[in-house]
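Below, all heavy atoms of this structure are taken into account, side chains as well, without hydrogens, waters or symmetry copies.
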Amino acid sequence: MIRRAGLVLALAGLALPGAALAQPAAPRLKARSIAALPLPLPAPYDDSRDARKDVDAAIARAKKSGKPVLIDFGANWCVDCRVLAGIFELPDMQGWMTRNFELVQVDIGEFDHNLDLPRRFGSTRLDAVPAILIVDPRTGKLRNPKDVMGLSDARIMQPQAVADWLARWTK
């Protein structure tokens with residue numbers, strides 16, 4: 001029995017380092033579909049903002065906080081972008097987003113603004129929105145280089161699926 005207990009403790013000790021790397025769980029959202037989003041949907045993309053300054057400020061905050069930067073490229077004319085913004089603003093999502101990301105919403109206009117910004121992080125050009133870049137604050141590199149379009153169909157996704165996708169990139 002003592003040997004068995006020792007083995008269990010040894011195995012538990014091996015598991016502890018991995019536990020430190022565990023990602024925060026996605027919040028459990030009450031909204032089961034986008035029909036539960038408050039209307040009107042948010043229009044968060046401001047073409048008068050200096051996206052480079054906003055991204056630089058978010059990166060500076062992220063270096064202090066250790067949180068990744070979530071850069072949401074979109075436009076107010078885009079239904080998927082506005083649905084995604086509505087999910088971000090759900091009460092049970094807002095606090096989780098604040099705890100886990102430095103969020104920057106970047107306006108792309110009619111695909112004529114800020115399109116060079118993704119290259120700064122090694123991403124290719126934007127062909128559709130919303131495009132989500134998750135930037136690691138320590139390296140300045142993308143955590144999701146092959147999945148920047150993971151939320152591009154937000155209007156047909158369940159809010160929980162959005163939260164679960166985001167949780168993959170938190171740590």
Side-chain angles (χ1 to χ4, degrees), residues 13-29 42-76 78 80-109 111-152 154 157 159-171:
L14 291 175
L16 289 178
L21 299 175
Q23 297 171 333
R28 293 293 128 213
L29 303 181
Y45 306 96
D46 184 349
D47 66 351
S48 69
R49 297 200 55 84
D50 184 332
R52 281 152 197 75
K53 284 184 182 177
D54 290 346
V55 168
D56 289 344
I59 289 171
R61 289 190 310 271
K63 286 181 179 178
K64 290 179 183 175
S65 70
K67 297 185 280 188
V69 178
L70 188 161
I71 307 173
D72 170 15
F73 288 89
N76 292 330
C78 168
D80 289 300
C81 299
R82 293 186 65 188
V83 166
L84 184 60
I87 294 169
F88 288 172
E89 290 187 6
L90 287 170
D92 39 359
M93 184 72 164
Q94 254 181 342
W96 184 86
M97 290 284 294
T98 300
R99 285 188 306 278
N100 289 287
F101 294 102
E102 296 292 342
L103 174 64
V104 182
Q105 290 169 305
V106 175
D107 181 67
I108 56 97
F111 285 96
D112 59 358
H113 303 28
N114 301 314
L115 297 179
D116 59 322
L117 238 140
R119 282 192 297 271
R120 175 177 170 186
F121 305 103
S123 184
T124 60
R125 67 175 214 237
L126 299 180
D127 293 325
V129 287
I132 304 297
L133 276 60
I134 310 292
V135 180
D136 188 296
R138 294 175 307 253
T139 66
K141 303 282 185 200
L142 288 183
R143 289 186 176 178
N144 65 325
K146 296 182 183 193
D147 200 9
V148 298
M149 301 308 298
L151 299 179
S152 64
M157 295 176 75
Q160 189 62 56
V162 170
D164 293 342
W165 186 90
L166 289 168
R168 295 172 43 199
W169 310 109
T170 54
K171 297 281 179 195

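Looking at K67, its side chain does come within 3.5 Å of a backbone N or O of T98 through a donor-acceptor pair. Side-chain atoms of Q160 come within 3.5 Å of backbone N or O of L29 as a donor-acceptor pair. No donor-acceptor distance shorter than 3.5 angstrom exists from the side chain of N114 to the backbone of A51, with no hydrogens or angles considered.
Side-chain contact between S65 and E102 is present, with heavy atoms from C-beta onward closer than 4.5 Å. Contact check for L166 versus L70: side-chain heavy atoms found under the 4.5 Å cut-off. Looking only at side-chain heavy atoms (C-beta outward), F73 and L115 stay at 4.5 Å or farther from each other. Under the 4.5 Å side-chain criterion, counting only non-hydrogen atoms from C-beta, L126 is in contact with P118. Taking the side chain as every heavy atom from C-beta outward, V106 and Y45 never approach each other to under 4.5 Å.
Taking every heavy atom of both residues into account, C78 and P130 meet most closely at SG-CD, 4.1 Å. Closest approach of A75 to G109, counting heavy atoms only: CB-O, 3.7 Å. Summarising the geometry of V69 relative to A62, their closest heavy-atom pair is CG2-CB, 3.5 Å, with the distance given to 0.1 Å.
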Using distance only, find each side-chain donor-acceptor pair of residues 86-94 under 3.5 Å and give its atom names and separation, not counting sequence neighbours.
from : atom 1 : to  : atom 2 : distance (Å)
D92  : OD2    : K30 : N      : 2.7

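In this structure N76 satisfies the side chain to side chain donor-acceptor pair (under 3.5 Å) test with no other residue, sequence neighbours excluded.
Residues W169 and D147 bring no donor and acceptor atom of their side chains to less than 3.5 Å of each other.
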Review point. Does the side-chain contact (heavy atoms from CB on, under 4.5 Å) test come out yes or no for D72 and L133, once each step is laid out?
Key: CA-CA 7 Å; D72 170 15; L133 276 60; over 6 Å; no
Practice item. Would you sort out whether R120 and D56 count as a salt bridge (Lys or Arg N to Asp or Glu O under 4.0 Å), showing the intermediate values? Key: CA-CA 11 Å; R120 175 177 170 186; D56 289 344; 2.6 Å; yes
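Applying the side chain to side chain donor-acceptor pair (under 3.5 Å) test to every pair with at least one member in residues 129-145, sequence neighbours left out, gives these pairs: D136-R138, D136-R143.
Between R52 and D116, at least one side-chain N (NZ, or NE/NH1/NH2) sits under 4.0 Å from a carboxylate O, which counts as a salt bridge.
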